[in-house]
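Input: a single structure, listed below in C-alpha cells.
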Amino acid sequence: IVQLWCLMTSSSSSDDYAVDEGLVAMADEPAGPVDVATGEVLNSDLTWSPTSFSVVLPCAGEGEYALRTVQSVFESLPLAQLKEIIVVDDGSSPPLSEAHLPPSLREKFRVRILRHESTVGLIGAKKDGGDAATGDIVVFFDCHVAPQPGWHQQFQRLIGENYRRIVVPMITDLDVDSWSEKSSWAGQAKCYLTWDADFKWFESEDNYVPILSGGLLGMSKRWWNETGGYDEHMSGWGGENLDQSLRTWLCGGEIVNAKEARVAHMWRVKSDPRTRAHYRVGMGAAQANRLRAAMAWYGDFVPKLRDFPDMNPDRKAWGGGPWYGDISNILEVKHRLKCRTFEWFMHRFKHVYVDGGLLPSETFAVKSAASGLCLTFTGSAGTSKDGSGKAVLKKCDPTNDRQRWHGANRDGSDPAKACCSGLRAWNTDQCITGLADGWKAGLSTSVCDIAGLSPDQQWSITEDGTLRTRGGGFMSNKCLEADATGVLRHHSCNPRAWEKIDASKPLETRLYDEALKLGRG
C-alpha cells in the first residue's frame with residue numbers, strides 16, 4: 001500500500017550551494033533568464049532549446065501492455081517532437097517484434113526495438129536504451145503506463161531551463177481495462193533516502209525531489225552522458241534510482257517535479273494477477289545495488305551502514321573483494337565531476353533529515369515505572385517488510401538497539417520547533433501509532449509520516465513522564481501506561497509513568513554535526 005506524506009518545506013533561502021575547493025558555500029545568484037513560474041534566476045550556461053524526445057521503454061514479458069504503452073506514448077507527443085520510441089525487449093518470449101510490435105506497427109509508431117535474447121534486468125535494459133537514444137531529451141517510462149496529454153510541455157520547458165535537471169511527472173494510477181488514468185488519486189512523485197539505502201515516498205509543497213522512485217523521468221541526453229547513465233555493474237532491479245539521484249544532486253544537477261505532467265502507471269497488486277511481473281530479480285541483487293550506491297556516495301557516513309545487518313558492508317566475496325563488487329566506475333564519475341559530499345545533500349534537504357527526525361538529537365530507551373521494563377521494537381533494523389510493526393515491553397538491555405527510540409516527524413504545532421511530533425524506533429522506518437489489537441498485543445507501528453500529518457502517529461514522551469498522544473478524536477490527549485506485569489493500556493495521564501534513560505547522540509548526528517563544524521555542509 002502506497003503511503004503519501006505531505007511535507008512542509010523549509011523557508012530558508014540556503015538551498016543553493018556551490019563547491020569551492022571541496023567546501024560547500026552559498027552560491028551567488030547566476031546572471032541569466034528568470035523562470036517566470038518560480039521567479040528563479042537561471043544560469044545562462046545551463047539553458048538550451050531542446051526540440052526532440054526519445055522515449056525508452058524497458059519491457060520484460062509485458063506482452064500486450066508493451067503495445068498499449070507504445071500507442072499511448074505515440075498519441076501523447078507531437079510528431080514534430082517525437083524522435084523515436086525505443087523498446088528494449090528484455091528477453092520476452094515470444095519476442096515483441098513477432099507477437100505485438102510487427103514491422104507495420106513499428107513504422108507507424110516510430111518504434112526501434114533493442115533485443116536482449118535473455119533477460120538482463122530493468123537497469124541493464126534502461127542503460128542500453130539510454131545509450132542508444134538520439135533525441136535531445138531522453139525519457140524513461142515503465143512498459144505499463146499511459147502518459148496524459150501535454151506531459152511533454154513541462155518536461156521540455158523545465159529541462160530547457162537547465163540541461164542538468166532531471167524531471168519527474170506526477171505518477172498516478174492506471175485503469176488496466178481502459179488504459180486510462182483513474183481520477184480518484186492526485187498522484188505522487190517524491191521519495192527520500194533512508195539510512196539503510198532504501199527510499200520512502202513523501203510529498204512537499206516545493207518542486208524539488210530528493211530521490212527518484214526510479215521508473216518515470218526525463219533528462220537531457222547531454223546530462224545522461226556526462227553523469228555516465230546507470231551503473232553498468234548493477235544487476236536486475238533496484239538501487240539505480242538512489243545512485244542516479246545522488247549523482248545528480250551531488251554533481252551539480254537537480255531533480256524537480258513537473259506537477260502538471262501526469263503519467264498513469266500500473267502498480268503491482270498481489271490481488272490482481274494481471275499486474276504480476278513476468279521476470280525474476282536475482283537473489284540479493286537489489287540489496288547489492290543499494291549498497292553500491294551507498295558505498296559510493298555516503299562518504300564519511302559509510303560506518304552508519306553497519307547498523308543494518310542485512311547490508312553488511314564489510315562482507316567479502318569469494319575472491320576476497322567486497323561482496324557488492326568494484327565501485328571504481330562510480331567513483332570515476334564522482335572525481336571527474338568534482339561532486340559534493342553527502343552531508344551537503346542532507347543539509348540541502350534539511351527539512352527531511354533534521355526536521356523529519358532522520359538526524360535525531362538523541363536516542364533513548366523508554367522505561368515503564370510500574371514494570372521496570374523497556375519499550376522494545378520487535379522487528380529488525382531497516383525497512384519493514386510489510387510496512388507495519390509492533391513494540392512490547394521487555395527487560396531493559398543497554399546493548400539492544402531495538403530498545404532505542406527518538407523523536408521523529410515534523411511538528412506543525414510549534415513554529416519554533418520543526419521536529420518532532422512522533423516516536424520512531426531507531427534505525428527503522430516505523431513510528432508508534434497506538435495500542436495493537438488483541439490482549440497483551442503491545443503497541444502498533446507504521447511507516448513514519450515525516451510530515452507529521454498523521455494523527456495516529458502523534459505520540460511523545462513528555463517532560464513529566466507521560467506517553468501521550470495529541471491526535472484528534474476520542475483519543476486526543478490520552479496516555480498509555482503499563483501495569484506491573486508489562487501489559488499496556490489506555491489510561492489517564494499520570495506523571496512519571498515513563499522515564500527516558502540512556503540518552504545519547506547517535507552516530508549519524510555526530511557525523512553530521514562534525515561535518516557542519518568543518519564547513520562541509
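The first residue in the sequence is number 1, and the count goes up from there.
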Open item on the list: Which residue is it: Trp297, Phe342, Phe349? I am looking for the one with a ring-ring contact (aromatic ring centres under 6.0 Å, His included) to Trp249.
Closed with: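 The ring-ring contact (aromatic ring centres under 6.0 Å, His included) with Trp249 is passed solely by Phe349 among Trp297, Phe342, Phe349.
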TODO: Could you go through the side-chain contact (heavy atoms from CB on, under 4.5 Å) check for Gln403 and Phe377 one step at a time?
DONE: CA-CA 6 Å; Gln403 292 185 348; Phe377 180 68; over 6 Å; no
Going from [atom1] on [X] to [atom2] on [Y], what distance comes out if it is rounded to the nearest 0.5 angstrom?
X: Leu375; Y: Ile461; atom1: CG; atom2: CD1; value: 7.5 Å
X: Thr509; Y: Glu514; atom1: OG1; atom2: CD; value: 13.0 Å
X: Ser245; Y: Leu193; atom1: OG; atom2: CG; value: 8.5 Å
X: Trp459; Y: Leu423; atom1: CH2; atom2: CG; value: 9.5 Å
X: Cys396; Y: Glu499; atom1: SG; atom2: CD; value: 9.0 Å
X: Leu480; Y: Leu443; atom1: CG; atom2: CG; value: 5.5 Å

Indicate whether any N or O donor in one side chain lies under 3.5 Å from an N or O acceptor in the other, for [X] and [Y].
X: Thr194; Y: Asp196; answer: yes
X: His347; Y: Tyr353; answer: no
X: Lys505; Y: Ser361; answer: no
X: Asp173; Y: His265; answer: no
X: Thr341; Y: Glu343; answer: yes
X: Thr469; Y: Gln458; answer: no
X: Asn409; Y: Gln457; answer: yes
X: Glu62; Y: His144; answer: yes

Task: Verdict with supporting geometry, Trp267 and Leu174, side-chain contact (heavy atoms from CB on, under 4.5 Å) - done: CA-CA 8 Å; Trp267 303 95; Leu174 178 68; over 6 Å; no
Does this structure show an ion pair linking [X] with [Y], if we count only N-O contacts that are shorter than 4.0 Å?
X: Glu161; Y: Arg165; value: yes
X: Arg247; Y: Asp243; value: yes
X: Glu254; Y: Arg164; value: no
X: Arg424; Y: Asp449; value: no
X: Arg306; Y: Asp314; value: yes
X: Lys182; Y: Asp175; value: no
X: Glu240; Y: Lys126; value: yes
X: Lys304; Y: Glu508; value: yes
X: Asp401; Y: Arg404; value: no

- [ ] Test Asn241 against every option in Ile123, Leu217, Leu246, Ile211 by the side-chain contact (heavy atoms from CB on, under 4.5 Å) rule and name the one that passes.
- [x] Ile211
Open item on the list: Given Val447, which partner from the list Asp386, Thr433, Asp429 fulfils the side-chain contact (heavy atoms from CB on, under 4.5 Å) test?
Closed with: Asp429
[X], [atom1] atom: more than 12 neighbouring heavy atoms under 6.0 Å:
X: Arg276; atom1: CZ; answer: no
X: Lys517; atom1: NZ; answer: no
X: Lys259; atom1: NZ; answer: yes
X: Lys367; atom1: NZ; answer: no
X: Glu362; atom1: CD; answer: yes

Open item on the list: For Tyr192, does the six-membered ring have the charged nitrogen or CZ of Lys200 within the cation-pi criterion, i.e. under 6.0 angstrom from the centroid and within 45° of the normal?
Closed with: no
Open item on the list: When you measure from the centre of the six-membered ring of Phe199, is the NZ or CZ of Arg290 closer than 6.0 Å and no more than 45° off the axis?
Closed with: no
Open item on the list: Below 30° counts as parallel, above 60° as perpendicular, anything between as tilted: where do the rings of Tyr230 and Phe140 land?
Closed with: perpendicular
Open item on the list: For Asp464 and Arg496: C-alpha separation, side-chain torsions, deciding distance, then whether salt bridge (charged side-chain N to carboxylate O under 4.0 Å, His left out) applies.
Closed with: CA-CA 6 Å; Asp464 63 352; Arg496 295 179 294 282; over 6 Å; no
TODO: Check disulfide bond (SG atoms under 2.5 Å apart) between Cys420 and all other residues, then give those that pass, not counting sequence neighbours.
DONE: none
Task: disulfide bond (SG atoms under 2.5 Å apart) involving Cys419 - partner list, sequence neighbours excluded - done: none
Side-chain heavy atoms of [X] within contact of [Y], under 4.5 Å:
X: Thr376; Y: Leu393; result: no
X: Tyr208; Y: Asn257; result: no
X: Ser213; Y: Ile171; result: yes

Open item on the list: Between Leu359 and Met346, is the side-chain contact (heavy atoms from CB on, under 4.5 Å) condition met? List the steps.
Closed with: CA-CA 9 Å; Leu359 286 165; Met346 288 185 290; 4.1 Å; yes
TODO: Enumerate the residue pairs fulfilling disulfide (SG to SG under 2.5 Å) with a member in residues 246-275, sequence neighbours excluded, ordered by first and then second residue.
DONE: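 For residues 246-275: Cys251-Cys339.
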TODO: Decide if the gap between the ring center of Phe301 and the ring center of Trp195 is smaller than 6.0 angstrom.
DONE: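 Distance test on ring centres: under 6.0 Å, yes.
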